[in-house]
Structure formats: structure tokens, C-alpha cells
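For reference, the structure is listed below as C-alpha cells.
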Amino acid sequence: MTKPKPWLSLSGIGVFAVLLLAVAPLVLTDHWLNNLGKYCCWAIAAVGIGLAWGRGGMLVMGQGVFFALGAYAMAMHLTLETAGDRIPGFMVLYDPLAPLPMFWEPFRSAGFTLLAIVLLPVLLAGLLGYALFKRRVKGAYFAILTQALAVALATLISSTIRETGGDTGLSDFKYFFGFVLNDPANKLMVYLIAAALLIVCLLAVWQLYRSRFGELLVATRDAEERVRFLGYDPANVKLVAFVVSALMASIGGAMFVPIVGIITPAEIGAAASVLMIAGVALGGRASLFGPALGAMAVGWGQSSLGSTWPEGWTYILGLLFIVVILFLPNGLSSLPARFAAARRRPAEQPAPAIAVAELEEVRS
Amino acid sequence: MTDDSLVVTDLHVEFSGFVAVGGVSFDAHPGEVRFLIGPNGAGKTTCIDAVTGLAKATGSARLGERELLGRPVHKIVRLGIGRTFQTASVFDELTVLQNLDIAAGRHRPSVSLLRARRGVEESIEQALEETGLAGELATPAGILSHGQKQWLEIAMLLVQDAKVLLLDEPVAGMSQDERTATGELLQRIAAKRIVLVVEHDMDFMRRFATRVTVLHQGKVLSQGTVADVQADPRVQEVYLGTAGAATTAAMSAVPEPVAGTRQGQED
Ligand SMILES: Nc1ncnc2c1ncn2[C@@H]1O[C@H](COP(=O)(O)OP(=O)(O)OP(=O)(O)O)[C@@H](O)[C@H]1O
Ligand SMILES: [Mg+2]
């Protein structure tokens with residue numbers, strides 16, 4: 001489980017960083033680089049899900065909520081930056097005379113926005129996690145509760161058109177902290193920021209996984225009661241993992257906005273939250289790279305197959321999901337180890353001999 | 001002596017009206033291997049659950065001057081109470097070293113959790129030596145033998161520096177040699193700590209107990225040395241069934257009166 005070779009993983013992150021930061025910008029078209037940026041955002045959220053679910057055993061079905069916090073904080077800032085001194089266009093459409101909603105005001109400040117992207121998910125996940133984990137809410141109850149929260153937030157945003165843009169969402173951002181978003185050089189910069197943040201998140205969980213905290217988290221996942229009898233409060237252990245995963249979802253959401261150019265409730269609701277989980281499960285929830293690569297693969301499938309053959313894509317994803325859950329509960333990243341084990345086994349055990357002996361017994 | 005003794009007085013535990021433990025009192029001191037025995041459902045595990053905060057109880061359970069009842073589980077642990085469970089529960093996916101390292105961790109500042117482990121702490125090395133697990137440092141706990149898992153649990157209590165070890169059926173499923181090794185281990189540990197063992201195995205009890213409390217239907221039936229308890233007709237009656245009342249006198253004349261007990265327990 002816990003890999004005995006942390007330095008190998010670290011060099012893996014190094015290779016991944018070179019691929020994302022140096023190779024991809026050279027070989028990909030602008031269109032695909034932009035897509036890759038989008039997958040990076042989902043991957044950032046997925047890395048957090050891997051931490052909370054894969055290592056911590058908390059099935060976080062509502063990461064869309066935290067993705068939304070980052071995304072909407074960023075989107076509100078970019079909308080205000082684009083509108084300048086005037087009221088954002090979509091608000092004028094619904095009620096030309098009303099002022100800017102109160103809660104928008106602070107998002108004029110770039111500093112406040114960045115702080116909000118970090119602090120909002122930490123506060124919300126902190127409060128929510130504290131309330132749930134101290135009451136020992138876990139398993140399916142925890143999953144359903146977080147999922148319900150994502151549904152509630154998506155509904156709230158849909159129903160407040162003038163305040164949040166409703167189902168149409170927030171879009172048409174012209175500037176990103178002073179940079180013109182249309183400029184290809186600036187687009188590259190935004191991509192590089194997202195890719196770099198993904199690498200930073202991977203490094204963060206790499207350190208967490210090899211730390212004592214990582215071991216304690218796995219212990220808590222597997223035998224919470226036992227951990228309590230060693231003098232720890234498992235609620236605190238889970239809380240830390242949950243808050244970090246929420247923060248990562250928020251960062252992913254924040255970068256999603258300048259890259260994709262639009263954020264709507266559909267990107268953060270129940271379906272989107274489940275899709276994030278699906279990527280993590282495919283890749284391998286407890287491994288270091290599995291969640292990120294799985295999320296990127298699902299993202300890629302969605303923009304290639306999903307756009308040319310949308311009905312088929314849903315079925316393929318569903319089928320893939322079932323196959324992986326049934327035959328590879330630790331995700332695709334466990335395939336190499338499986339192969340290695342399968343190749344070693346025949347050599348170690350004289351399995352055929354036993355089979356022959358058994359056959360003969362049956363015959364006699 | 002009372003400074004570091006475990007004193008349980010008039011312990012009551014109810015599960016929605018059903019009295020599982022009804023007024024149990026006993027004490028345990030360092031230097032003795034204390035046994036708690038009784039037939040299935042007597043309330044032995046529930047007594048441990050109450051002392052460790054897992055079951056809500058009234059009465060009193062004191063370690064020295066401190067009252068344990070009413071505190072949350074992890075706070076009771078921090079006062080020095082450690083326990084094992086009837087079914088061995090180690091962290092299967094973690095190695096022996098990782099298991100022990102987590103057990104040793106409650107004395108560390110939280111921030112140090114963020115660093116990786118370097119080397120093996122001395123307390124862990126001692127516990128490994130003591131429990132004979134030194135060769136299994138890097139073995140995942142999940143593939144240890146049944147007996148080794150139980151020892152790992154005891155080793156975890158040692159590195160945790162528990163003042164009190166509450167062991168729920170520590171030799172269940174062990175071979176005869178493993179039982180002997182465990183009994184000797186417990187005797188060594190008991191020199192400096194309080195050791196309270198819940199057991200069904202009468203033979204093990206006879207060989208290693210210093211003092212025994214017999215529970216029956218949530219009440220203390222008998223208390224004293226192994227010889228005292230074995231000679232108590234009420235104990236024989238409980239272990240041999242009510243029909244055995246007439247045979248009780250005959251049984252007490254038999255050199256090993258509790259031998260029939262184990263059969264009565266297997267069901
Ligand atoms: N959580 C619970 N809810 C309801 N009843 C319980 C609970 N735990 C234990 N009991 C009951 O309390 C009584 C005492 O159980 P306990 O587990 O303490 O027995 P024990 O002496 O440890 O028995 P064994 O030797 O089988 O382990 C039993 O009748 C049991 O059914
Ligand atoms: Mg029991």
C-alpha cells in the first residue's frame with residue numbers, strides 16, 4: 001500500500017512536470033492546450049479527492065461545492081474587472097436600476113478574491129467537517145450529505161439569476177488580473193499557472209502520504225475505532241484531509257474560470273461532482289498519480305468522444321466505471337502491479353502440478 | 001499503592017433497559033496479572049468498554065486520583081489506559097513499524113506529523129524485542145500470523161506507554177507455545193504496569209493469574225486467588241450448569257475441577 005520508494009514517486013512528479021510545463025506547450029495546438037488546462041483544473045480537484053477518499057475513506061460526493069467557491073469567487077472578480085466602473089451587463093439586463101449586490105463588492109479587490117479562494121473552502125469544509133466528524137457521521141450518510149449540499153448550491157445559483165447569473169452562469173471575461181485574456185501569450189500563462197498548481201498539489205500530497213500524517217490517515221480509514229484507542233481523535237485527522245481536499249477543489253475551480261471562460265451551475269452540481277469521483281475511481285483513488293490522471297482521462301474523453309458522440313460517451317464511461325469497480329477496485333494505476341504479480345505467481349507456486357494432482361484425485 | 005491502581009466501584013451499564021453490568025467492583029495493581037473471567041455474556045467486555053469510555057456507565061472507575069467515567073475515549077487513553085479488542089485489530093495495510101509508530105505518536109507535537117519518519121524510536125525497538133517481533137519490522141500487519149497480531153497489539157500498548165493494559169481474550173486462537181509465551185510476556189509487563197486480562201481459557205488463567213474476579217450475569221460471583229476461586233462452589237455451579245449443583249462437591253475433589261469448564265465454554 002504505502003510505497004516504499006518515495007523518491008521514485010518524486011521523480012515521477014518531475015517527469016510529469018516537464019511534460020505539462022515544457023513539452024505540452026511546444027507540441028499542442030492552442031485549442032488542445034486550453035483543453036489540457038481544463039483537465040488540469042479537474043485534476044487538481046481530483047488530487048484532493050484522492051486524499052480525502054482514497055487515503056481518508058471519506059466519500060466526498062459534493063466537491064462541486066468547493067469547486068464552486070473558488071470558481072465563483074474568481075468569476076465574480078473577473079466579471080467586475082471586465083465591467084470596470086459599471087454594473088455587470090447581465091445584471092443590467094434583469095434590473096437596470098438596482099445596485100451591485102452587497103456580496104459582490106469586496107470581489108473588486110484582487111487580494112480579497114485570492115484570499116477568498118483559499119479561505120472560503122477552508123472555513124466551510126472546516127465547519128462542515130467539524131460538525132460531521134465529531135458526530136461520527138460517515139460512510140453513505142456522509143456521501144449523501146455532501147452530495148445534497150452540491151445539489152442545494154447548484155439550485156441556489158440557478159434560482160438567483162441577477163445575483164449569480166443563474167443557469168447561464170458567468171462568462172465573457174476580458175481580463176485576468178490586468179492581463180488581456182484574448183492574448184495567446186496570456187492564455188499560455190494561465191495554462192502554465194494551472195499546470196504548475198497541479199504539480200504543487202501533487203507535491204503536497206506526496207509529502208502528506210509519506211509523512212506520519214499519511215500513515216495515520218490510512219489507519220483512520222481502516223480502523224477508526226482503533227485509532228481512537230491510541231489516543232488520537234480521528235475526527236481531527238479526517239478534518240485535516242477534508243479541508244485540504246476542499247482547498248484543492250477550490251483552487252481547481254478558480255483556475256477553471258479564466259481557462260474555460262464560463263462557469264455555470266452545471267459545472268458544480270451533483271453530476272459534475274460525481275464525474276470528479278469517477279475520474280478518481282478510474283485512475284486509482286489511493287495512488288499518487290491515479291486521481292489526477294484519471295480525471296484528465298475523463299476530461300479528455302468528454303471533450304473528444306463527448307462532443308462527437310455524446311450518448312455513446314455516457315455509456316462508455318458508465319461501462320468503464322463498472323468494469324474498473326468490479327475487476328480493478330484500486331483503479332487503472334494498479335494494473336502494472338497486477339501484471340507484475342501475475343507474472344511472478346506461476347514461477348513461485350507450482351500451480352499446474354497442484355491442478356494435475358487435484359484432477360487425478362477427482363478421477364480416482 | 002492506591003496512587004497508581006485501577007479501582008472500579010459499583011459499575012453499572014445498561015443497554016436500553018437490559019442490565020449488562022450491575023454493580024461490579026474490582027481493583028487491579030501493578031505487580032499482579034489480574035484476570036476477569038466468566039461465562040459468555042457475563043459482562044466482561046462491557047466492563048472494559050465502560051472503563052475505556054466506549055459504553056456509558058455509572059459508578060466509578062478511578063486510575064489513582066482520576067475518575068475515568070464520563071470522559072471521551074481518546075482522553076481516557078491519554079490518561080494511560082490502553083486496551084485490545086476481542087478480535088485483533090491492527091492496521092492491516094501498514095507495516096509493523098508503522099503500526100507501532102502511530103501508537104507511539106500521541107506524545108508527539110501535531111506539526112511533527114507532517115514529516116516522514118526517520119529511524120526507529122527506542123521505545124519501539126524495546127517493544128519489538130519484548131514481544132519477539134523484531135524480525136517483522138517491515139511486514140504488513142495484515143499478513144502476520146494470528147498470534148503475532150495479538151503481540152503487535154500488546155507492543156502497541158507498550159510504546160503507547162499505557163499504565164493500564166486491558167486485554168480482551170489475548171490468547172484466543174493461539175497455540176499452546178504461543179499461550180505460554182504470551183503469559184510470560186504479561187508477567188514481565190505486569191512488573192511495572194497494571195495488566196487486566198479477560199479470558200475464557202481456564203488453563204491459561206490457572207497458570208498465570210495472580211488474582212481473579214469471576215463475573216456472572218453482570219455481577220461479581222467470586223473474587224480471590226486462583227485457588228480461592230476454584231474452591232468456590234458458586235463458581236463451579238455457574239461453570240457446570242445448575243444441574244451440576246449436586247455434583248459440585250464431587251467436582252471440587254477432582255484435582256482440576258475447571259477442566260470441564262472449557263467444554264462448557266466452547267458453545
Ligand atoms: N452494545 C450492546 N447492546 C446491547 N446489549 C449488549 C451490548 N453489548 C453487550 N450487550 C449484552 O451485554 C451482555 C454482556 O456482554 P459482554 O460482551 O460484556 O459479555 P462477555 O462477558 O464479554 O462475553 P463473551 O465471553 O462472549 O465475550 C450480553 O448479554 C450482551 O448481549
Ligand atoms: Mg467479551
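Naming convention: chains lettered A, B, ... in sequence-line order (proteins, then strands); numbering from 1 in each chain. Being a predicted model, the structure only gives us computed values, none of them experimental.
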| Side chains of B/Leu114 and A/Gln207: closer than 4.5 Å at any heavy-atom pair? | no

| Can you tell me how far OG1 of A/Thr220 sits from CD1 of B/Ile102, rounded to the nearest 0.5 angstrom? | 7.0 Å

| task | Answer yes or no: does atom NZ of A/Lys134 have more than 12 heavy-atom neighbours from other residues, nucleotides or ligands under 6.0 Å? | result | yes

| task | Could you please spell out the steps behind the side chain to side chain contact (heavy atoms under 4.5 Å, CB included) verdict for A/Glu215 and B/Phe91? | result | CA-CA 10 Å; A/Glu215 294 172 355; B/Phe91 307 118; over 6 Å; no

| query | Are any of the side-chain heavy atoms of B/Leu54 and A/Glu225 separated by less than 4.5 Å? | reply | yes

| task | Under 4.5 Å heavy-atom distance to chain B, tell me which part of A/Leu216 shows up: side chain, backbone, both or neither. | result | both

| request: For A/Arg212 and B/Ser112, work out which heavy atoms get closest and say how close. | output: CD-O, 4.4 Å

| said: Quick check: closest heavy atoms across B/Phe85 and A/Arg226, and the distance to 0.1 Å? | reply: CE1-CD, 4.1 Å

| field | Residue pair A/Gly231 / B/Arg78: nearest heavy atoms and the distance that separates them | value | O-NE, 2.8 Å

| request: Side chain from CB out, backbone as N, CA, C, O: work out which of these in A/Val240 comes under 4.5 Å of a heavy atom of chain B, or both, or neither. | output: neither

| query | Got a sec: does the OH of A/Tyr130 have more than 12 other heavy atoms crowding it under 6.0 Å? | reply | no

| Counting only heavy atoms not in B/Arg115, do more than 12 fall under 6.0 Å of its CZ? | no

| task | Could you tell me which non-hydrogen atom of A/Phe229 sits nearest to which non-hydrogen atom of B/Arg83, and how far apart they are? | result | CE2-CD, 3.4 Å

| query | Considering only heavy atoms from C-beta outward, does the side chain of B/Asp92 approach that of A/Asp222 to under 4.5 Å? | reply | no

| query | In terms of heavy-atom contacts, does CZ of B/Arg188 have more than 12 from other residues, nucleotides or ligands at under 6.0 Å? | reply | yes

